[in-house]
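Notes to accompany the following structure.
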Amino acid sequence: VSTQSTGALVEIRQLRRQLANILSQSTEVVLEPLLKPPTPGEVLSLRRILTVCLGDHIGKLEERGTGADEYSTELVEEGVQIHRESVLHGLHSEYVGFCTLEQENSGVRMRTVFAVEEDWLPTLLPNKCTFSDPLDQPPPAYSAITGEVMCHRTSTFGVRAWVLPAVNLSYPVGMKRFREFAAALLEGKVVPALQHYDTLLLARPGVLRKSWATLQPRAEAFLKQLVNKDVDTREKLITMWKQDGNFLYTAFSQWLPQSTHSELRAAWPPVAFSTNNLLKRS
């Protein structure tokens with residue numbers, strides 16, 4: 001090990017001890033003298049964290065070389081290469097992140113390099129992306145995992161406008177987002193208990209996705225309540241029901257025959273609350 005490498009390792013250990021001392025003020029930290037290498041999952045998390053922290057230090061593969069690949073970056077006009085001492089040297093990674101650039105006789109080299117997945121750029125660094133409108137195909141859809149309407153959008157990244165493929169993202173804020181959420185709510189996708197009324201609806205929920213939906217009184221009333229209270233996610237809906245158990249009852253009842261209203265009234269809101277959990281009504 002060279003003297004330079006030994007000095008770097010000493011600095012790393014000192015920095016590690018300093019960070020541990022800072023963290024120990026709020027939580028118990030044990031500084032293991034023989035730290036085990038990170039697991040594959042921990043490596044993935046570290047790469048994602050570095051991507052978020054170094055959003056301006058991203059390189060894109062422009063040309064594969066027999067000796068070294070050529071990358072572009074927004075920090076310099078000329079092409080740069082991965083330093084030959086990096087474990088990523090010669091692996092042709094499409095996108096990489098780096099901590100520093102060094103000028104050498106043969107050109108500019110990236111140091112402390114890590115691989116970046118292409119779909120991380122729009123999801124982890126959305127502020128550096130310019131997004132398209134939501135794509136028609138695949139169509140927007142409510143996600144039971146995120147509790148909101150998702151859609152696919154293409155984008156370009158950074159000042160060099162690198163073109164990125166479509167990824168699944170939260171539907172942008174606006175009236176269309178409310179319409180998609182309202183339709184999913186009536187379809188029973190947001191609150192499963194509402195699936196019980198699917199065959200009884202006086203109109204199909206899909207009408208709410210139309211630009212002219214507000215021309216129908218029941219559609220207008222339903223959308224108006226969601227918009228007025230800014231409810232366009234499952235979390236916001238549950239929060240609203242905890243504040244006002246009658247929220248949406250009148251608007252939803254307009255979609256059902258009069259004969260079902262007493263049953264609906266008894267079951268509203270269509271969720272049951274416990275101390276820590278949201279439970280479906282039977």
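Starting from 1, each residue takes its place in the sequence as its number. Atoms considered below: every heavy atom in the structure, side chains included; atoms not considered: hydrogens, waters and symmetry mates.
Other residues, nucleotides and ligands contribute more than 12 heavy atoms inside 6.0 Å of the CD atom of Glu104. Surrounding NZ of Lys229 are at most 12 heavy atoms belonging to other residues, nucleotides or ligands under 6.0 Å away. Shown here is Lys128, whose NZ atom has more than 12 heavy atoms of other residues, nucleotides or ligands within 6.0 Å. In this structure, Glu235 places its CD atom where only 12 or fewer heavy-atom neighbours from other residues, nucleotides or ligands lie under 6.0 Å away. For Glu77, the CD atom counts as loosely surrounded, since its 6.0 Å shell holds 12 or fewer non-hydrogen atoms of other residues, nucleotides or ligands. Within 6.0 Å of CG on Asn228 lie more than 12 heavy atoms contributed by other residues, nucleotides or ligands.
Looking only at side-chain heavy atoms (C-beta outward), Arg109 and Phe98 stay at 4.5 Å or farther from each other. In this structure the side chain of Phe114 never reaches within 4.5 angstrom of the side chain of Leu46, judged on heavy atoms. Using a 4.5 Å heavy-atom threshold, the side chains of Arg177 and Thr233 count as touching. Looking at Leu202 and Trp255, their side chains never come closer than 4.5 Å, going by heavy atoms from C-beta outward. Taking 4.5 Å as the limit, every side-chain heavy atom of His83 sits out of range of all side-chain heavy atoms of His89. Put simply, the side chain of Arg265 reaches to within 4.5 Å of the side chain of Tyr249, judged on heavy atoms. Counting only heavy atoms from C-beta outward, the side chains of Asp230 and Phe178 approach each other to under 4.5 Å. Put simply, the side chain of Trp241 reaches to within 4.5 Å of the side chain of Val191, judged on heavy atoms.
In this structure a side-chain-to-backbone donor-acceptor pair under 3.5 Å is present from Arg47 to Ala115. Of the possible donor and acceptor atoms, none in the side chain of Thr154 sits under 3.5 Å from a partner among the backbone N and O of Ser132. Put simply, the side chain of Gln195 gets close to the backbone of Gly188: a donor and an acceptor are under 3.5 Å apart. Formation of a donor-acceptor pair under 3.5 Å by the Glu42 side chain with backbone atoms of Thr39 is found in this model. Here the side chain of Gln225 pairs a donor or acceptor atom with the backbone of Leu248 at under 3.5 angstrom. Not a single donor-acceptor pair under 3.5 Å links the side chain of His92 to the backbone N or O of Arg64. Judged purely by atom type and a 3.5 angstrom limit, Arg160 uses its side chain to pair as donor or acceptor with the backbone of Thr73.
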Note to self: Determine whether Glu94 and Lys60 satisfy the following criterion, salt bridge (charged side-chain N to carboxylate O under 4.0 Å, His left out), listing intermediate values before the conclusion.
What the structure shows: CA-CA 6 Å; Glu94 184 70 18; Lys60 180 183 185 299; 3.8 Å; yes

Next item on the list: For the pair Phe252 and Trp268, evaluate ring pair (Phe, Tyr, Trp, His ring centres under 6.0 Å) and give the outcome as yes or no after the intermediate values.
Entry: CA-CA 10 Å; Phe252 187 82; Trp268 202 267; 5.5 Å; yes

Margin query: Checking Met110 against Leu101 for the side chain to side chain contact (heavy atoms under 4.5 Å, CB included) test, could you report, in this order, the C-alpha distance in whole Å, the side-chain angles of both residues, the deciding distance, and whether it holds?
Written below: CA-CA 5 Å; Met110 295 181 285; Leu101 292 176; 3.6 Å; yes

Margin query: Would Leu185 and Phe222 count as a side chain to side chain contact (heavy atoms under 4.5 Å, CB included) here? Give the steps.
Written below: CA-CA 10 Å; Leu185 180 56; Phe222 199 72; 3.7 Å; yes

Note to self: Using side chain to side chain contact (heavy atoms under 4.5 Å, CB included), reason through Glu118 and Val167 one step at a time and then give a plain yes or no.
What the structure shows: CA-CA 10 Å; Glu118 188 175 49; Val167 293; over 6 Å; no

Note to self: What verdict does the side chain to side chain contact (heavy atoms under 4.5 Å, CB included) test give for Leu194 and Leu186, after you've listed the backbone C-alpha separation in whole Å, the side-chain angles of each residue and the deciding distance to 0.1 Å?
What the structure shows: CA-CA 7 Å; Leu194 294 182; Leu186 278 176; over 6 Å; no

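Of all heavy-atom pairs between Gly97 and Ile58, the closest is CA-CD1, 4.2 Å.
Ring planes of Trp162 and Phe157: parallel class, angle under 30° (limits at 30 and 60°).
Remark: Arg111 engages Glu85 in a salt bridge, criterion side-chain N to carboxylate O under 4.0 Å.
In the hydrophobic cluster analysis, where Ile, Leu, Val, Met, Phe, Trp and Tyr join through side-chain heavy atoms closer than 4.5 angstrom, Val96 is grouped apart from Leu164.
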